[in-house]
Structures are given as structure tokens and as C-alpha cells.
Amino acid sequence: MLLAAVRHFRMSSNVQRLRDHDTNPCLAETDASRQCMDNNNYRKDMCASYFLKYKNCRKFWHAIMIQRRRDGVKPNMPTADERENILKSIGGTPY
């Protein structure tokens, strides 16, 4: 019984981390993909453009994170405010 409670707690903290704008740069793309799937009875072919946007978002921010790690910048993932400034400096979202 205790083990089940610990597992539930871990999942809750993981869900919280994934819903945090500072740790998940692609939260809007995640939500849009899920909404598309809900609206289209989980037909993946109807949501391909949402999946591609999410994938490109993850690739973009992963590359930023890797570069910051190499440069010794902490935290590795820019905060939500930093990401907003980065996107403004390059003229909007590249994905």
C-alpha cells in the first residue's frame, strides 16, 4: 500500500514538472497536439502538423540546452522569460 502511494507521488511530481513553463518549453505544442487528438477521435493522421511542430520545438530547445551545458550556463534549460527573449531576438518561433 505504501509503495503505491510513493509511485503516485512520483507521477504527480513528474506531471507537475512537465506542466511547468520553466522546465517544458513546448507546453503549448504539447497541449495543441493533445487537443487535436481529442477533437479528431485519436486519428494521428489528422494531427501530423501538430506533431511536427512539437517535434521541431523539442529539437530547437534541446539544441539550446546542449549548447548552454557546453558553455557552462546554468540552468541548462532557459527559463520561460529567457526563452521569450531568445525567440524575440530571432524574430519569433523557428518551428
Side-chain angles (χ1 to χ4, degrees):
M1 184 82 168
L2 180 59
L3 185 58
V6 170
R7 283 186 186 146
H8 177 69
F9 178 75
R10 283 188 195 148
M11 287 192 325
S12 295
S13 64
N14 283 339
V15 169
Q16 282 180 329
R17 185 178 56 83
L18 292 173
R19 299 298 307 165
D20 183 1
H21 288 281
D22 280 331
T23 58
N24 184 354
C26 302
L27 193 55
E29 289 77 11
T30 301
D31 290 345
S33 294
R34 285 189 183 139
Q35 185 67 41
C36 180
M37 291 290 283
D38 288 343
N39 292 341
N40 291 291
N41 295 321
Y42 292 86
R43 289 183 52 204
K44 291 181 182 179
D45 60 317
M46 300 294 289
C47 302
S49 63
Y50 291 95
F51 298 150
L52 184 59
K53 189 170 183 178
Y54 171 79
K55 183 178 177 181
N56 290 336
C57 176
R58 295 298 300 171
K59 281 182 181 181
F60 177 80
W61 290 112
H62 183 39
I64 298 282
M65 186 177 70
I66 296 299
Q67 188 60 50
R68 285 171 63 104
R69 188 179 302 147
R70 285 184 188 136
D71 295 342
V73 178
K74 296 285 182 176
N76 294 333
M77 178 59 71
T79 63
D81 292 335
E82 287 178 295
R83 289 193 307 267
E84 187 177 322
N85 291 335
I86 290 169
L87 292 175
K88 284 180 184 175
S89 74
I90 62 171
T93 60
Y95 42 86

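As a basis for the values below, the full set of heavy atoms in this structure was taken, side chains included, without hydrogen atoms, waters or symmetry mates.
With sequence neighbours left out, the ring pair (Phe, Tyr, Trp, His ring centres under 6.0 Å) criterion links Y50 to no other residue. In this structure, the salt bridge (charged side-chain N to carboxylate O under 4.0 Å, His left out) partners of D31, at least two apart in sequence or on a different chain, are R19. Judged as a side-chain contact (heavy atoms from CB on, under 4.5 Å), and not counting sequence neighbours, A28 has no contacts.
With rounding to the nearest 0.5 angstrom, the NZ atom of K44 is 11.5 Å from the OG atom of S33. How far NE2 of H62 is from CG of N76: 10.5 Å, rounded to the nearest 0.5 Å. Between the OG atom in S49 and the OH atom in Y54 there is a gap of 15.5 Å [rounded to 0.5 Å]. Atom CZ in R34 sits 9.0 Å away from atom OH in Y42 (nearest 0.5 Å). Here the straight-line distance linking atom OG1 of T79 with atom CG of D20 works out to 10.5 Å at 0.5 Å rounding.
Within a 6.0 Å sphere centred on CG of D38, other residues, nucleotides and ligands contribute more than 12 heavy atoms.
If you chain together ILVMFWY residues whose side-chain heavy atoms come under 4.5 Å of each other, I86 ends up grouped with F60, W61, I64, M65, M77, L87, I90, Y95.
The salt bridge (Lys or Arg N to Asp or Glu O under 4.0 Å) analysis of residues 53-74, with sequence neighbours excluded, yields the pairs R68-E82. Within the structure, every pair that satisfies the salt bridge (Lys or Arg N to Asp or Glu O under 4.0 Å) test and touches residues 86-95, not counting sequence neighbours, is listed here: E84-K88.
Across H21 and A80, no two heavy atoms sit closer than the pair O-CB, 3.9 Å. Heavy-atom minimum distance, P25 versus C57: O-SG, 4.0 Å.
Annotation: side chain of N24 is in contact with side chain of C26 (closest heavy-atom distance under 4.5 Å).
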